Protein chains: 2
Amino acid sequence: MNMQTSQTRSRAGLAAALRVSISRLSRRMRAEGGHSLSATQIGALGAVARHDALTPGELAAHEKVQPPSMTRTIARLEADGLLTRSPHPTDRRQVVLSLTAAGDKLLKEERRRKEAWLAQRLAELTPEEQSILRQAAPILERLSHG
Amino acid sequence: MNMQTSQTRSRAGLAAALRVSISRLSRRMRAEGGHSLSATQIGALGAVARHDALTPGELAAHEKVQPPSMTRTIARLEADGLLTRSPHPTDRRQVVLSLTAAGDKLLKEERRRKEAWLAQRLAELTPEEQSILRQAAPILERLSHG
DNA sequence: TATTGTTATACTCTATAACTATA
DNA sequence: TATAGTTATAGAGTATAACAATA
């Protein structure tokens, strides 16, 4: 068997193993986040946090939902005091969204819980295993971006 | 600074980095799966595939939904010809679920797409990076299980 | 009586189509 | 006319409560 075939087979096996672990870890972390908001709401709030001063249309495009769906999500988050709608400086059709202090705090708490859960699991690994994951982390980061 | 403090800080940083990459990879893989079924339907079908001859109650418990919700999901999957409901051998109250050939094929196709996407990303890494991920894979597997 | 599964009903999230205000 | 956002309405997925069949 030639080298290319061997590499390809190995890579498919690696992909299969990583797919299962990544999916399961993601599911478990989601379960640890605390359930004050739905995944939809957390997603929208997180996008506003990352790109401040988004319009509803931009947010809908970013979250890959239609504008009317985002209208409802925004209405709920605004009613809960987690984000604010303010007039666009130059275009009176548009609206600008920003996080409130409460929204910011809630997002940070959500992240904190997930990371605390993961950190606890990491603490149960040997130093060698932790070292391997430290090497792997930037690679996974690149993999997730590209 | 003592060693313990350094390790702890390092671990929190590692947890933060892994949380972001894992969440993003999971989201991207999900988007690659092909959208013939919803996440709910894929989840239920996958559980039946992993533990054949499940009852609706067991499946609902496994997927962490209430029995009436699973009744609807099962009805849809049965109507689509992806699983079958047959009488329980000894308890006439119960029902036994099994995958059809079409359900099995659909699940395998879904997995194949996600893994093909991931394998393609892996192919863009250097051999050294791939080697690190091969070492990391069993650790992530354990992390996701515990 | 207790358990398994289903039906009835309501709430959330999603969509498409139609509408309002503004450019 | 075109664009940004909202309102109207409908379909899928979830839940709780009530029910039927069986143990």
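Remember, it's a predicted structure, so these values are computed and weren't measured experimentally.
When each of B:R76 and B:K64 is assigned the nucleotide of DNA chain D bearing its nearest heavy atom, the one mapping closer to the 5' terminus is B:R76. Residue-to-nucleotide proximity on DNA chain C shows that, of A:T40 and B:G57, the 5′-proximal contact is made by B:G57. Each of A:T73 and B:E58 was assigned the nucleotide of DNA chain C with the nearest heavy atom; the assignment lying further toward the 5' end belongs to B:E58.
To the nearest 0.5 angstrom, B:Q135 atom CD is 12.0 Å from B:L140 atom CG. In this structure, B:I74 CD1 and B:L82 CG are separated by 12.5 Å, a value rounded to the nearest 0.5 Å.
Atom CZ in B:R72 sits roughly 12 Å away from atom P in D:dA15 (whole-Å rounding). Atom CG in B:L59 sits about 14 Å away from atom P in D:dG13, given to the nearest Å. The separation between B:I74 atom CD1 and D:dA12 atom P is 17 Å, rounded to whole Å. To the nearest angstrom, C1' of D:dT16 lies 17 Å from CE of B:M70. When rounded to the nearest whole Å, the span between CD of B:Q66 and P of D:dA15 equals 5 Å.
Base engagement by A:S69 is indicated by at least one non-hydrogen atom pair under 4.0 Å involving a base atom. Residue-level contact check: B:T71 touches the bases, meaning some heavy atom is under 4.0 Å from a base atom. As judged by a 4.0 angstrom heavy-atom cut-off over every strand, B:P68 is placed among the base-contacting residues.
In summary, contact between chain A and DNA chain C, defined as any nucleotide atom under 4.0 Å from a heavy atom of the protein, begins and ends at C:dC13 to C:dA23 in the 5' to 3' direction.
Between B:R24 and A:E141 there is a salt bridge, with a side-chain nitrogen of the basic residue lying less than 4.0 Å from a carboxylate oxygen of the acidic one. Ion pairing between a basic and an acidic side chain is recognised when a charged N comes within 4.0 Å of a carboxylate O; A:R112 and A:E109 show such pairing.
The salt bridge (Lys or Arg N to Asp or Glu O under 4.0 Å) contacts involving residues 28-38 of chain B comprise nothing, where partners must be two or more places apart or lie in separate chains.
Contacts with DNA chain D (heavy atom under 4.0 Å) in residues 83-99 of chain A: A:R85, A:R93, A:Q94, A:V95, listed by number. Less than 4.0 Å separates DNA chain D from no heavy atom of any residue of residues 42-54 of chain B.
In this structure, A:R111 has no side chain to side chain donor-acceptor pair (under 3.5 Å) partners at least two apart in sequence or on a different chain. For B:E58, the salt bridge (Lys or Arg N to Asp or Glu O under 4.0 Å) criterion is met by no residue, not counting sequence neighbours.
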